Structures are given as structure tokens and as C-alpha cells.
Amino acid sequence: MIKADLIDQGIIKEVIYGKTKKYEYQYNAPVLNTKYFEEQREAKLKELRSMEQYIYTDMPRMKYLCKFLDSDEQMDYRNCDNTNLEKIHVVKSPELTKKLEDFRDTYFPILELSSWTTRKGGFRVCLPSPYKILIEKTIQKNSDSIERYVNEYKNDFRTSDYTYEEVEIIKEHLRKASHLVNGYAASYYGTSNVGAAIHRSKYENGGDFPDFLLKKTLSMFGKKFRDVKFDLVLYLPPTKSGDLVKNFAMKFASVIRVPISHALKKVRVTQEQKMFQNSYSKRENVLGAFDIEDGIIKGKTILLIDDIYDSGATLKEVGNILTQKGAKYIVPIVIAKTVGGTL
């Protein structure tokens, strides 16, 4: 946000050195106008005061939130500590514990990484999973009415469903579509012993990721991608964690009997993504940071492995590169997904 405002004010400009984007001070730039920053600061302080008032309010908490969000919904809220309702108490039992453990072992968080093409010619296209194509068509019924519907196809779309002109538009969308599909995590980071194990290996010199993480990730893989034929395994090059992901990916590839390549490389230095607080900064941090030799992945279905998913910025950037290099599908999997992600 600050960077964008400095560009708008003509104080800095974007320049490209090779494949690296940088920003330079503009000679004879105008004096910095801080009015916008002060307005943003005051808006954030106002939000903070509202959060503090939420703690101490004696009105129903949902009513307070609706008021804060300018909702005029009128309801009789009776579901919080301020409405004097009897609190719900859960008694821990072996049966309940077993159900929770079963859920934890069989629920795998989705990584929503597939994307729609920019709408053009009344169409847009998305590849949400291997062998699946979604085509959305927009119809202008009249000046006040727009109708959209989505057709789902396996492997390829039926040209007979569309006119010749529409088929050509859809083909153009498919040429431009990202081949990065939705993936899955084996667990959440921080909600179980999974996060603790990853943290020990990454930040406490705990050695390779323990085998139970490999077993859990293989379980997820078997349930979600058993019908997908993979041609190659790739892994995310690290920033600071050494060969942790590489070693994990090598073990994984050996078990599923898919060849692994070490060809995906970093071409410039990046910072750890956890250093950045928003998705814009994370995208900027990894933009143009990866490359792979031509021909290695063309026409292949790729299994892309990383350890932790947060904003998805790194996987999206690598997905863009692999799409440009001709990968048929890029299927991302990780050991753990952070709870909440980033803004």
C-alpha cells in the first residue's frame, strides 16, 4: 500500500534489472504528502477502538458486530455470554476423543490455488483439478439482467455445445489459463503435533521431517489423488531450511514411484515469507524468483511439494512459471496449512 502510494505521488518508480523488479527514487520528486497515511492510520486506530469496545460491551456480541458492519438486520440475539444463556459444556469422553482423532486424521485442508481467466468475449475458464475444466458463460439478457452459468467437462470441452466463434474464444482462454490446480495439505499447522514437528525440523535443528509426517501426507495423497497419473515430482527450493523439503520430496517420490527432478531453481535471493504481513508483499517477494530449464516439464503432470502453505504466493508464482514452460497440470501438496493464512 505504501509502495503504491509513493508511485502514485511520483516519488519512486518501478525499474527492471534483468528479471528483477526494483524501485528507484525519482529525481526532483515532489515532497511526500502524508495526508493519505494519516487517514489510514486514523482508520486503523478507529477499528482498534471498536475491537476494544467489543470486549467490554454489555449488548449481545453479534448485535455489536452487526452494528460495527453497518448491518440493519433485526434479530433477537441470544447466543453469547452477554445474554445470560446457559453455557454449553462439553464433557470429554473416550468416544468423543476418538471421533475428534478420526476427523483430524481424515480431514485434509484444501489449497485453493486454481484461478479463473480474465473474462473476455463473455467467457472465462478455470482448471480446478486434473482432467476437469470449468467454462463460465455470461449472457446479457437485457440492460438490467445478466445471467451466468458454468459447464463442467472432463479432459476436454464439447465443441458442439458452442458456436464456432465461441469455441475460438474458449480455446484462447485455455491457452492463457493457469495449469496450477487446487491442492491439499495433510494437516493444519499449529493445531496438533504436526506444527510442532515441522517447527523443530525447520527452526530448532531437529533434522529431517519425521516419518509420521511422510505417512500422513501419503495418506492424504492416496485419498485425494489416487486416480491422477503423475509424470514428475518437483519441490520448492528453500529460503533457509536447507534440504528439508528436498529430502522429504525424495522420500515421497520413492514411495509413490514417480521420478523426481531437482531442476526447479531460485534465480534470485528472497526473504522468508513469514517476514511479510500481507499477500501483496509476499507476491512481490517471490515475483520472478524461480525458473526451470525448457523442455523438462512440457506436457507433464507435475506433483509440486512444499512444507507449509500460508498465503500461497510462492506456489502461485511457481505455478505461473511451470504453466509458461508447458506443464499439463501442476498439483500442489504440503504437509501443513496455516490457520487463517494472510490478508
Side-chain angles (χ1 to χ4, degrees), residues 19 110-141 146-185 221 224-236 258-259 261 263-264 279 283 286-306 309 311-334:
K19 294 184 178 181
I110 190 171
L111 313 180
E112 295 182 345
L113 289 164
S114 66
S115 58
W116 289 90
T117 56
T118 302
R119 188 177 287 107
K120 183 178 179 181
F123 288 90
R124 62 176 187 160
V125 167
C126 177
L127 308 178
S129 63
Y131 318 133
K132 182 185 289 186
I133 301 173
L134 300 180
I135 299 176
E136 182 190 86
K137 182 177 182 179
T138 301
I139 300 176
Q140 185 82 42
K141 304 294 285 187
I146 293 177
E147 186 176 287
R148 293 191 175 104
Y149 62 90
V150 176
N151 284 334
E152 180 180 318
Y153 300 96
K154 186 174 182 179
N155 293 321
D156 202 357
F157 72 102
R158 284 194 305 273
T159 56
S160 59
D161 291 346
Y162 306 94
T163 66
Y164 173 81
E165 291 77 13
E166 289 175 337
V167 168
E168 293 304 305
I169 293 171
I170 292 170
K171 286 181 178 178
E172 182 181 354
H173 277 283
L174 288 171
R175 285 192 290 270
K176 294 179 178 179
S178 170
H179 292 187
L180 177 67
V181 303
N182 293 331
Y184 287 91
F221 178 81
K224 296 299 182 181
F225 300 114
R226 65 165 60 94
D227 297 327
V228 179
K229 184 183 183 305
F230 289 94
D231 301 303
L232 195 66
V233 172
L234 294 176
Y235 56 89
L236 267 292
V258 174
S261 170
L264 182 61
S279 57
R283 285 196 303 270
V286 296
L287 185 65
F290 303 93
D291 201 3
I292 191 169
E293 296 176 31
D294 292 338
I296 292 177
I297 61 170
K298 189 171 183 180
K300 294 181 179 179
T301 298
I302 307 297
L303 180 65
L304 183 60
I305 297 178
D306 200 8
Y309 176 95
S311 67
T314 306
L315 287 171
K316 289 175 184 176
E317 177 61 20
V318 172
N320 289 336
I321 295 298
L322 300 184
T323 297
Q324 293 169 21
K325 297 288 186 175
K328 185 176 182 180
Y329 298 109
I330 305 111
V331 181
I333 65 170
V334 299

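No hydrogens, no waters, no symmetry mates; every other heavy atom, side chains included, goes into these values. Note that the structure is a prediction, hence the values are computed from the model and not measured.
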* Output all residues satisfying side-chain contact (heavy atoms from CB on, under 4.5 Å) with Ile110, sequence neighbours left out; order by chain, then residue number. =>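 For Ile110, the residues satisfying side-chain contact (heavy atoms from CB on, under 4.5 Å) (neighbours in sequence not counted) are Glu112, Asn182, Tyr184.
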
* Asked: Among all residues two or more places apart in sequence or in another chain, which pass the side-chain contact (heavy atoms from CB on, under 4.5 Å) test with Val167?
  ->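 side-chain contact (heavy atoms from CB on, under 4.5 Å) list for Val167, sorted by chain: Phe157, Thr159, Tyr162, Lys171.
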
* Asked: Can you name the side-chain hydrogen bond (donor to acceptor under 3.5 Å, both in side chains) partners of Asp231, sequence neighbours left out?
  ->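 With sequence neighbours excluded, Asp231 shows a side-chain hydrogen bond (donor to acceptor under 3.5 Å, both in side chains) to no residue whatsoever.
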
* Listed partners of Lys224 passing side-chain hydrogen bond (donor to acceptor under 3.5 Å, both in side chains), at least two apart ->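 With neighbours one apart ignored, the set is empty.
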
* Qualifying side-chain hydrogen bond (donor to acceptor under 3.5 Å, both in side chains) pairs with a residue from residues 117-132, counting only residues at least two apart or across chains ->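 Applying side-chain hydrogen bond (donor to acceptor under 3.5 Å, both in side chains) to every pair that reaches into residues 117-132, excluding sequence neighbours, yields Thr117-His173, Arg119-Glu136, Arg119-Thr138, Lys120-Glu172, Arg124-Glu136.
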
* Asked: Could you go step by step and tell me if Ile297 and Leu234 meet the side-chain contact (heavy atoms from CB on, under 4.5 Å) rule?
  -> CA-CA 10 Å; Ile297 61 170; Leu234 294 176; 4.2 Å; yes

* Count the heavy atoms of every other residue, nucleotide or ligand shown that sit under 6.0 Å from CD of Glu293, and state whether that count exceeds 12. =>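 No, CD of Glu293 has 12 or fewer neighbouring heavy atoms, counting only those of other groups under 6.0 Å.
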
Just so I know, are the side chains of [X] and [Y] near enough to count as touching, which here means a heavy-atom distance under 4.5 Å?
X      : Y      : result
Asn151 : Tyr149 : yes
Leu264 : Leu304 : yes
Phe290 : Thr314 : yes
Asp161 : Ile135 : no

Output the distance between atom [atom1] ([X]) and atom [atom2] ([Y]), rounded to the nearest 0.5 Å.
X      : Y      : atom1 : atom2 : result
Phe225 : Thr301 : CZ    : OG1   : 11.5 Å
Trp116 : Leu127 : CH2   : CG    : 9.5 Å
Glu317 : Leu322 : CD    : CG    : 10.0 Å

* Asked: Taking Ile330 as the fixed residue, which of Leu113, Leu315, Asn320, Thr323 is the one that meets the side chain to side chain contact (heavy atoms under 4.5 Å, CB included) rule?
  ->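 It is Thr323, the one option of Leu113, Leu315, Asn320, Thr323 that forms the side chain to side chain contact (heavy atoms under 4.5 Å, CB included) with Ile330.
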
For [X] and [Y], which heavy atoms make the closest approach, and how far apart are they?
X      : Y      : value
Ile169 : Gly121 : CD1-O, 3.9 Å
Pro332 : Val181 : CD-O, 3.3 Å
Ser114 : Cys126 : OG-SG, 3.7 Å

* To do: With sequence neighbours left out, write down each residue that passes ring-ring contact (aromatic ring centres under 6.0 Å, His included) with Tyr235, or none if nothing qualifies.
  =>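 Once residues adjacent in sequence are excluded, the partners of Tyr235 under the ring-ring contact (aromatic ring centres under 6.0 Å, His included) criterion are His262.
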
